[in-house]
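Step one of this worksheet: look at the structure below.
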Amino acid sequence: MHEETPSIPELFLKPYDPQAHEDSLYKLWEESGFFNPDICVEKGIAAPDAETFTIVLPPPNVTGVLHLGHAYEDALQDAFVRYNRMLGKRTLWVPGTDSAAIATQARVEKNLQKDEKLTRHDIGREELVKRVNSFAKESENTILSQVRKMGASLDWSRYAYTLDEKRNTAVFTAFKRMYDEGLIYRGNRIVNWDPKGQTTISDDEIVHEERQSELYTFKYSKDFPISISTSRPETKVGDTAVAVHPDDARYTQYIGQTFSLTFCDVPIEVTVIADKEVDPEFGTGALGVTPAHSKIDWDMADRHNITHRPQVINEYAKMTVDGRLSGLKVEAARIAVVEWLNEECLLEKEETITQNIATAERTGGIIEPLPKLQWWVDVNREFVMKHSEIPGIESGSTTTLKKMMRQAVEGGGVSIPQERFEKTYFNWITNLRDWCISRQIWFGHRIPVWYKDGEIYCGVSAPEGDGWEQDSDVLDTWFSSALWTFSTLGWPEQTTDIKNFHPTNFMSPAYEILPLWVSRMILMSGFHLGQVPFKNVMIHGLVRDTQGRKFSKSLNNGIDPLDMITKYGTDALRMGLLSGTAIGNDIRFDEQKVGGYKKFANKVWNITRFVLTSVADYKSVDNITYSETDNKILKDLQELTQEISGDFEKFALYLAAEKIYHYIWHELADVILEESKPILAGADTAAKQARQQVLIECLTTSLKLLHPFMPYVTEAIWQELPAQMKDSELLMVSSWPVH
RNA sequence: GACCGAUUAGCUCAGCUGGUAGAGCGCUACAUUGACAUUGUAGAGGUCACAGGUUCAAGUCCUGUAUCGGUCACCA
């Protein structure tokens with residue numbers, strides 16, 4: 001019929017081909033500068049005093065590749081960013097990457113071992129750091145171009161890397177300020193030592209694994225009156241006490257006595273102490289206290305002023321005592337001790353129990369608790385909040401980091417829309433202990449502390465004079481990540497970005513990251529700025545395979561988002577991820593669904609073709625007389641807009657996505673277009689003109705509403721629309737329909 | 001051990017403050033070369049895990065149970 005009408009771009013005669021549009025559209029957006037709110041203001045897209053909307057991208061590992069989890073987060077955040085930008089807010093989404101220190105160093109070391117048969121000690125600290133850095137830089141482009149591929153409208157002019165100079169200054173400044181306040185201290189305490197990774201790790205990097213182990217019941221020697229039970233007899237050469245419950249009648253007579261014994265060739269001195277923590281029902285009701293190799297025992301020794309705390313296991317999980325255990329690995333030592341117990345006829349019982357043992361998340365190594373001189377963040381020490389904008393905390397009031405972290409959420413400064421995760425957060429805060437922030441690897445932010453002849457100096461740069469030696473440890477990655485919402489905005493300088501864009505509006509992490517990252521951002525932002533880092537935490541679920549399993553290398557069930565993009569287009573992938581599942585629940589990734597949304601993109605494409613064809617002879621007139629149906633259609637459209645806006649405000653993206661999908665396909669295409677056909681072909685010119693106007697209205701509004709979800713196809717269409725239909729050259733910065 | 005989530009159509013999931021069970025995919029039948037690498041119309045299908053309770057009314061609120069999944073903690 002009208003297919004050859006010149007005003008219909010030829011493009012629409014073929015199905016929508018994502019490959020042909022996506023990259024050039026991204027380039028068009030990026031070059032427009034509108035990802036940058038300052039330029040939006042400059043060009044009149046946003047008012048200079050418009051409300052701001054900020055998200056900081058959770059930085060992917062600089063050496064990583066995009067996986068579906070990222071794809072989901074990118075799509076989710078981008079949808080909000082685009083929505084808010086269209087609302088006319090000064091909208092900023094800050095990109096960045098993370099050094100992922102331990103993982104990145106491990107990978108470089110592995111390659112070093114494989115290719116050159118060298119260890120890090122062979123090439124030295126400086127060379128290793130150099131290599132890790134260049135490795136990180138090399139891989140950077142991969143992940144960044146993949147984030148772009150997702151259509152993420154990030155302000156690249158503000159790109160940050162956790163190890164770049166500005167972030168380094170931020171980290172050192174943060175450290176120093178907390179050090180000066182006494183909130184960072186150096187202390188000899190039990191740490192989680194990973195013998196495999198040769199570093200300390202934090203409590204949160206521990207994974208408990210259930211295993212069968214033997215529980216042995218025995219006496220230290222024939223002369224010792226009390227039997228104890230343990231699954232780690234090799235540590236008993238480090239015992240300095242036996243603890244019993246104060247009310248346990250069996251042992252009261254021994255309390256306070258000290259025994260000098262020889263256990264497995266090692267002389268030990270054991271004092272019997274009474275402590276309420278001991279469960280009289282468990283085992284013999286008596287517990288051998290090994291202060292140097294158990295956190296609980298260390299604390300117990302503190303309570304009873306036991307200062308003698310011999311270390312009997314070293315960093316390589318080997319015994320350091322003399323005698324028959326000398327130099328043995330802990331597992332071998334365990335066997336040797338049991339042999340000895342048998343020889344001496346001291347072993348009373350051996351039973352198999354299931355036990356959770358602590359392993360390192362990254363290396364899988366079995367954690368060996370060791371006393372070490374480490375740096376800590378004190379979460380219970382009182383300090384004065386000089387300046388506070390956190391609801392419920394007054395400027396000038398005294399608090400602790402722990403209290404502040406609780407208050408930030410309790411007082412509503414940070415809101416977690418899903419109540420259930422709020423509970424998890426409080427649970428975690430309650431159990432929060434001092435945070436060990438030093439790591440014994442070489443790649444990362446070096447601890448900004450220098451030593452010289454017993455003197456200690458903490459500062460943002462090295463002290464004057466010779467002979468100062470910097471602490472050899474680096475900081476936990478999460479220390480710098482915790483500063484992310486404001487270090488990316490230029491802190492510690494008092495930048496206008498901080499003034500304008502902090503606190504950020506929301507953060508949308510997966511639930512597994514809640515304690516690791518979210519709470520630490522609240523800690524840092526609270527202490528350094530007196531602000532919350534974000535007003536909302538919208539926790540989302542994990543992307544899983546069709547059987548509900550996590551994606552993993554060992555299962556070989558991985559799906560490369562880039563493959564999906566090649567096959568179905570970015571828009572389809574985004575819709576497939578965003579619709580169908582309530583935020584917070586895990587997503588089962590279904591390729592078929594993505595396929596369905598590819599068809600949808602094409603549907604929108606064809607709707608456009610039809611509308612453009614139908615309005616080819618449209619002439620705008622001053623007084624349009626709408627029919628009753630016309631008015632109903634326009635009213636419905638308004639209501640839809642209202643609902644979708646509401647869903648955005650309530651973070652119910654999945655509902656918004658489904659609504660616009662349903663409207664476009666089953667209302668606009670199935671009902672409105674069909675019903676328009678006779679009117680358009682009819683003789684009533686006025687009615688026809690009115691309907692043409694309605695169709696234009698429906699199409700442009702639908703494109704706007706769909707744009708946050710499917711930015712490419714909507715923009716591709718927008719670019720082909722005649723200028724008089726549009727309120728802006730780029731759909732990306734057109735204004736959100738009013739309602 | 002504590003806490004949390006899930007349980008609704010064959011599959012994947014919605015269902016907000018209680019008011020006659022919904023979507024997508026799949027399936028069946030019919031129609032259609034149409035604006036549509038098809039699409040449209042119609043249809044089949046569910047004791048909303050189970051047992052109690054509150055209510056005029058419960059998928060929805062309360063109590064308990066079961067199964068699956070998760071998080072945290074931990075007894076040596």
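Just so we're on the same page: letters track the sequence lines, and every chain starts at 1.
Backbone-only engagement by A/Y654 is indicated by non-hydrogen atom pairs under 4.0 Å involving sugar-phosphate atoms exclusively. Among the protein residues, A/I228 comes within range of no part of the nucleic acid, since none of its heavy atoms lies under 4.0 Å from any strand. Heavy atoms of A/D670 sit under 4.0 angstrom from primed sugar atoms or phosphate atoms, though from no base atom. A/A669 comes within contact range of at least one nucleobase, with a heavy-atom separation under 4.0 Å. Contacts of A/E281 with the nucleic acid, taken as non-hydrogen atoms under 4.0 Å apart, are absent. Counting any heavy atom pair closer than 4.0 Å across all strands shown, A/S579 reaches no nucleic acid atom. Counting any heavy atom pair closer than 4.0 Å across all strands shown, A/K677 reaches a base atom.
Using modelled atom types, one finds a donor on one side chain and an acceptor on the other under 3.5 Å when comparing A/D617 with A/Q692. Side chains of A/H540 and A/E73: a donor-acceptor N/O pair is present below 3.5 angstrom, by distance only.
Residue side chain A/E674 reaches the base of B/A35 through a donor-acceptor N/O pair under 3.5 Å, judged by distance alone.
If you take CH2 of A/W428 and P of B/A73, they are 9 Å apart, rounded to a whole angstrom. Between the CD1 atom of A/I206 and the P atom of B/A73 there is a distance of 8 Å, given to the nearest Å. Atoms CH2 (A/W517) and C1' (B/U71) sit 20 Å apart, rounded to a whole Å. A/F421 places its CZ atom 13 Å from the P atom of B/C72, with the value rounded to the nearest Å. Separating the CD1 atom of A/I587 from the P atom of B/G5 is a distance of 19 Å, rounded to the nearest angstrom.
Cation-pi contact between A/R520 and A/W435: present, with separation from the ring centre below 6.0 Å and deviation from the ring axis of at most 45°.
Summary of the strand contacts: A/K603 and A/K650 both lie near RNA chain B, and taking for each the nucleotide with the nearest heavy atom, the more 5' one is attributed to A/K650. Projected onto RNA chain B by closest heavy-atom contact, A/V278 and A/F610 fall at different nucleotides, the more 5' of which corresponds to A/F610.
Taking the centre of each ring, A/H21 and A/W605 come in below the 6.0 Å mark. Under the 6.0 Å cut-off for aromatic ring centres, A/F80 and A/F651 qualify, their centroids lying closer than that. A centroid separation of less than 6.0 Å is found between the aromatic rings of A/F709 and A/F648.
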Between the protein and nucleotides 22-29 of chain B, list every N/O to N/O distance that falls short of 3.5 Å.
from: B/G24; atom 1: OP1; to: A/H666; atom 2: NE2; distance (Å): 3.4
from: B/C25; atom 1: O2'; to: A/Q592; atom 2: OE1; distance (Å): 3.1

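Under 4.0 angstrom from either OP1 or OP2 of B/G70 there lies no side-chain N or O belonging to A/N585.
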Take A/E591 and A/Y568 through the test side-chain hydrogen bond (donor to acceptor under 3.5 Å, both in side chains) and record every step on the way to the result. CA-CA 9 Å; A/E591 187 171 340; A/Y568 308 107; 2.7 Å; yes
